[in-house]
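Model, not experiment: these values are computed from the prediction.
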Amino acid sequence: MDESVKIFPTPFELAEALALDLVKMINGAESGKVPFTIALSGGNTPKLLFSVLGDHFAGSVNWSLVQFFWVDERCVPPDNMESNYSMAKSSLLDKLDIPGKNIHRILGEEDPGKEAIRYSREIAEFTRNRNRLPIFDIILLGLGEDGHTASIFPGKEKLFRSHKICQPAVHPVSGQKRITLTGRVINNAESIIFLVTGKNKAAVVNEILTDRTCEKRFPASHVVPVNGIVTWFLDKEAGQFLY
């Protein structure tokens, strides 16, 4: 596995650096790999990244060549404040010159089981394929204090072995229903990028990145790309135990 860690003084500097990297990756792939596929995640750090991209780089990319998907979604309507799609729409997508057909949202208002099947088909239709699994050019991931990523929570690591593209999931505390990419799809991506900020994430970040045993205590520990690379973008507080 090709893994790297980048630590920045502030969340904004992290977002700015990652925005620049994403623009370079998309523009660098234009001639040889169309469409360029990205799976987005929710959370405060991605929201900051989306705002930087939308406010400062809307004209830096031919967005018509980019297809947007989501790593996971809460089972709520698209205008709900908890919707990952809603956050990305207001922070980024509404600021881009991008065809509506390039935006592939998870229909959180639909039945979770049926929507997981429908969304799996949509992903398969619009992505490349390797080992009978879709390939995303970029998957953006967050990290919970409990070590979860996407909507794969502790105790549900079997989702990293699932042969399905998407599956329903349930938040272990709130009981909220969700839909998530499965682990084999995540690990099939060309580039996996973790965005993690805040001192409350520092301990789990340190354990995941420094524990080289086979224990894999956290769901995020199971993110091990088959052919791609994984990059950790951390702010100083999240990476405080690494230096």
Side-chain angles (χ1 to χ4, degrees), residues 35-47 49-51 53-54 63-129 132-142 144 148-153 156 158-160 162-189 192-193 195 219 223:
F36 194 90
T37 54
I38 303 177
L40 305 176
S41 62
N44 289 330
T45 308
K47 183 177 181 179
L49 168 68
F50 299 161
S51 294
L53 276 171
W63 295 104
S64 67
L65 302 179
V66 181
Q67 302 280 338
F68 284 105
F69 297 82
W70 274 261
V71 170
D72 65 337
E73 181 60 280
R74 298 172 177 87
C75 291
V76 296
D79 58 354
N80 189 287
M81 288 180 60
E82 293 189 338
S83 166
N84 288 340
Y85 163 76
S86 178
M87 183 271 283
K89 181 177 185 295
S90 60
S91 301
L92 173 63
L93 301 175
D94 285 347
K95 303 172 184 177
L96 305 181
D97 182 15
I98 184 170
K101 63 184 178 63
N102 290 30
I103 300 170
H104 307 271
R105 76 174 181 93
I106 299 173
L107 305 182
E109 68 273 25
E110 300 295 336
D111 174 81
K114 293 179 180 178
E115 176 57 13
I117 294 171
R118 187 205 68 81
Y119 198 59
S120 296
R121 290 172 178 161
E122 185 165 345
I123 289 171
E125 180 180 354
F126 288 93
T127 58
R128 295 174 292 122
N129 185 283
R132 300 180 184 176
L133 289 169
I135 305 170
F136 286 98
D137 292 293
I138 297 173
I139 289 183
L140 299 177
L141 294 177
H148 84 266
T149 193
S151 282
I152 304 179
F153 297 98
K156 301 299 181 180
K158 65 181 181 181
L159 287 174
F160 275 93
S162 174
H163 288 274
K164 297 179 179 180
I165 295 174
C166 297
Q167 285 195 224
V170 178
H171 191 283
V173 176
S174 68
Q176 184 184 58
K177 294 179 180 179
R178 301 186 179 193
I179 297 167
T180 186
L181 291 182
T182 59
R184 292 178 75 237
V185 174
I186 292 171
N187 283 328
N188 205 45
I192 300 169
I193 300 173
L195 295 79
V223 175

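Among residue pairs with one or both ends in residues 86-107, those qualifying as ring pair (Phe, Tyr, Trp, His ring centres under 6.0 Å) are Phe69-His104, His104-Phe126; sequence neighbours excluded. Residue pairs that meet the salt bridge (Lys or Arg N to Asp or Glu O under 4.0 Å) test with at least one member in residues 95-106, sequence neighbours left out, are Asp55-Lys95, Arg105-Glu109. For residues 79-101, every residue pair satisfying the ring pair (Phe, Tyr, Trp, His ring centres under 6.0 Å) rule, not counting sequence neighbours, is listed here: Trp70-Tyr85.
The CG atom of Asn84 sits 7.5 Å away from the OG atom of Ser151 when rounded to the nearest 0.5 Å. Here Gln167 contributes atom CD and Thr180 contributes atom OG1; the two are 9.0 Å apart, rounded to the nearest 0.5 Å. Here the CD1 atom belonging to Ile152 is positioned 4.5 Å from the CD1 atom belonging to Ile186, to the nearest 0.5 angstrom. Taking CZ of Arg178 as the start and CG of Asp72 as the end, the distance is 6.5 Å to the nearest 0.5 Å. Going from atom NZ of Lys164 over to atom CG of Leu181 covers 14.5 Å, rounded to the nearest 0.5 Å. For the atom pair Glu73 CD and Ile179 CD1, the distance stands at 8.0 Å (nearest 0.5 Å).
When all heavy atoms are compared, the tightest approach of Pro168 to Ala116 is CD-CB, 3.9 Å. What you find for Thr37 and Ile135 is that their closest heavy atoms are OG1-O, 3.6 Å. Across Asp137 and Phe36, no two heavy atoms sit closer than the pair OD2-CA, 3.4 Å. Summarising the geometry of Leu141 relative to Ala150, their closest heavy-atom pair is CD2-N, 4.4 Å, with the distance given to 0.1 Å. Closest approach of Gly142 and Thr149 over heavy atoms only: O-OG1, 2.7 Å. Across Val66 and Ile38, no two heavy atoms sit closer than the pair CG1-CD1, 3.9 Å.
Here the side chains of Ile193 and Leu140 are in contact, with some heavy-atom distance below 4.5 Å. In this structure, the side chains of Ile192 and Asn187 come closer than 4.5 Å at one or more pairs of heavy atoms. Contact check for Leu40 versus Phe68: side-chain heavy atoms found under the 4.5 Å cut-off. In this structure the side chain of Val76 reaches within 4.5 angstrom of the side chain of Gln176, judged on heavy atoms. Looking at heavy atoms from C-beta onward, Leu159 lies out of side-chain contact with Phe153 at the 4.5 angstrom threshold. With a 4.5 Å cut-off on side-chain heavy atoms, Ile123 and Cys166 count as touching.
Listed for the Ser90 side chain is a donor-acceptor partner under 3.5 Å among the backbone atoms of Met87. Listed for the Thr182 side chain is no donor-acceptor partner under 3.5 Å among the backbone atoms of Phe160.
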Residues Tyr119, Leu107; criterion side-chain contact (heavy atoms from CB on, under 4.5 Å); working and verdict: CA-CA 8 Å; Tyr119 198 59; Leu107 305 182; over 6 Å; no
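In this model, no donor atom of one side chain and acceptor atom of the other lie less than 3.5 Å apart for Asp79 and Ser86.
With respect to the salt-bridge test (charged N to carboxylate O, under 4.0 angstrom), the residues Arg118 and Glu122 qualify.
Surrounding CG of Asn44 are at most 12 heavy atoms belonging to other residues, nucleotides or ligands under 6.0 Å away.
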